[in-house]
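Structure provided below as structure tokens; questions to follow.
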Amino acid sequence: MKNNFLELPIPTRDGRFLARYSEKGLAEMDFPNGKAFVAPKRSEGGPAVKTNRVPAQIRDWHRATEVALKNILAGRAAKNLPPLDFSGGTEFQQAVWRELRKISFGKTKSYGEIARRIGKARAVRAVGGACGANPIPVLVPCHRVLAANKKLGGFGGGLDWKRTLLAREGVSL
DNA sequence: GACAGATGAAGGA
DNA sequence: TCCTTCATCTGTC
């Protein structure tokens with residue numbers, strides 16, 4: 001990972017997310033506190049950032065990220081996403097992440113389906129690994145991937161987040 | 001190389 | 001059904 005990412009917080013009522021941008025687009029996103037879901041105490045709100053020294057382009061991306069994230073958290077589909085920079089991943093991971101982005105709002109797929117989609121039907125476990133390596137959760141909807149038996153499987157940000165996100169999209173397990 | 005993993009399918013109780 | 005076992009593929013160390 002490079003160090004020259006620009007890091008900007010996104011305050012939401014679910015906590016403070018952290019977005020990192022490269023020159024190509026949104027490259028990483030952290031959940032509040034950088035770990036598993038924690039019930040928000042009170043509004044962590046507050047003003048976003050000092051955007052003075054942020055390049056205009058990244059400010060645009062950040063605005064799009066913020067809107068998309070808040071839409072998803074509010075149970076609405078995200079319309080405009082900023083460009084995503086997947087260059088930190090391997091070719092296989094990028095293929096999986098691209099496939100994840102095609103899962104529409106409120107829909108789910110299994111790890112096996114993703115594997116078949118990218119033409120590697122038996123690479124199901126590897127798909128799980130790629131999902132876990134997903135640097136941009138929520139916007140790259142790894143939470144919409146379930147195990148074949150409709151069980152949750154796992155989630156890098158914590159299963160509570162996965163449940164929460166799916167519930168807000170109206171997905172019942 | 002060896003190993004672990006966010007799986008899936010099959011077989012047995 | 002539920003549990004266990006095993007095949008399979010990729011990433012990481």
Side-chain angles (χ1 to χ4, degrees), chain A residues 1-5 7 10 12 14-40 65 68-78 81-173:
Chain A
M1 300 282 166
K2 295 160 258 175
N3 276 335
N4 54 351
F5 285 168
E7 196 172 273
I10 306 177
T12 74
D14 292 297
R16 197 169 138 113
F17 288 73
L18 208 53
R20 294 193 193 85
Y21 300 87
S22 70
E23 53 196 14
K24 293 183 199 158
L26 176 61
E28 294 179 17
M29 185 148 72
D30 281 351
F31 281 99
N33 305 317
K35 53 180 185 214
F37 176 79
V38 193
T65 304
L69 181 63
K70 286 180 177 172
N71 270 335
I72 292 174
L73 291 176
R76 294 191 296 267
L81 292 184
L84 305 182
D85 179 8
F86 286 153
S87 59
T90 65
E91 209 166 297
F92 177 81
Q93 289 170 336
Q94 292 182 31
V96 172
W97 299 337
R98 271 196 300 273
E99 207 53 49
L100 294 183
R101 289 187 62 191
K102 295 182 191 165
I103 307 177
S104 47
F105 185 85
K107 296 284 174 59
T108 61
K109 283 201 186 307
S110 70
Y111 294 99
E113 279 180 85
I114 301 292
R116 280 192 292 275
R117 288 284 191 137
I118 60 175
K120 306 196 178 193
R122 282 166 297 190
V124 283
R125 300 201 67 154
V127 167
C131 290
N134 171 20
I136 315 173
V138 185
L139 296 194
V140 176
C142 48
H143 59 281
R144 294 183 191 141
V145 185
L146 304 176
N149 51 11
K150 291 289 174 190
K151 283 187 181 164
L152 270 181
F155 191 63
L159 281 179
D160 283 333
W161 265 115
K162 189 168 185 174
R163 261 190 295 270
T164 301
L165 291 168
L166 287 172
R168 300 224 176 137
E169 295 189 11
V171 175
S172 53
L173 299 170

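Numbered from 1 within each chain, the chains take letters A, B, ... in sequence-line order. Please read these numbers as outputs of a predicted model, since none were measured by experiment.
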Test side-chain contact (heavy atoms from CB on, under 4.5 Å) applied to A:R122 - qualifying residues, sequence neighbours left out: none
For A:Y111, all residues meeting ring-ring contact (aromatic ring centres under 6.0 Å, His included), sequence neighbours excluded: none
Separation of A:L100 CG from A:L139 CG (nearest 0.5 Å): 12.0 Å
Non-hydrogen atoms of A:I72 and A:R168 that approach each other most closely: O-CB, 4.2 Å
Dot-bracket summary - DNA chain C, pairs being Watson-Crick or G-U whose distances fall under 3.5 Å, with | when paired to another strand: |||||||.|||||
Partner residues of A:T90 under the side-chain contact (heavy atoms from CB on, under 4.5 Å) criterion, sequence neighbours left out: A:F92, A:Q93
Within residues 125-140 of chain A or reaching into it, pairs that qualify as salt bridge (charged side-chain N to carboxylate O under 4.0 Å, His left out) - sequence neighbours excluded: none
Touch class at under 4.0 angstrom, heavy-atom based, for A:F155 against every strand present: base
Pairing residues for A:R116 by the side-chain hydrogen bond (donor to acceptor under 3.5 Å, both in side chains) criterion, not counting sequence neighbours: none
Separation of C:dG11 C1' from A:N134 CG (nearest whole Å): 15 Å
Boundaries of the chain A footprint along DNA chain B (any atom under 4.0 Å from a heavy atom): B:dG5 to B:dG8
Partner residues of A:K70 under the side-chain hydrogen bond (donor to acceptor under 3.5 Å, both in side chains) criterion, sequence neighbours left out: A:E66
Minimum heavy-atom distance between A:P135 and A:A27, given as atom pair plus value: CB-O, 3.5 Å
Would you list the protein and nucleotides 2-8 of chain C atom pairs, both N or O, that sit under 3.5 Å from each other?
residue : atom : partner : partner atom : Å
C:dA7   : N6   : A:R125  : NH1          : 3.4

Sub-4.0 Å heavy-atom contacts from residues 109-117 of chain A onto DNA chain B, ordered by number: A:S110, A:Y111, A:G112
Minimum-distance pair of heavy atoms, taken over all atoms of A:F155 and A:P137: CZ-CB, 4.4 Å
Residues that A:R98 engages under side-chain hydrogen bond (donor to acceptor under 3.5 Å, both in side chains), provided they are two or more places apart: none
A:E91 CD - C:dC9 P separation (whole Å): 18 Å
Residue pairs passing the side chain to side chain donor-acceptor pair (under 3.5 Å) test where at least one lies in residues 127-145 of chain A, sequence neighbours excluded: A:H143-A:E169, A:R144-A:E169
Note, A:T108 side chain near A:V145 side chain (heavy atom, < 4.5 Å): no
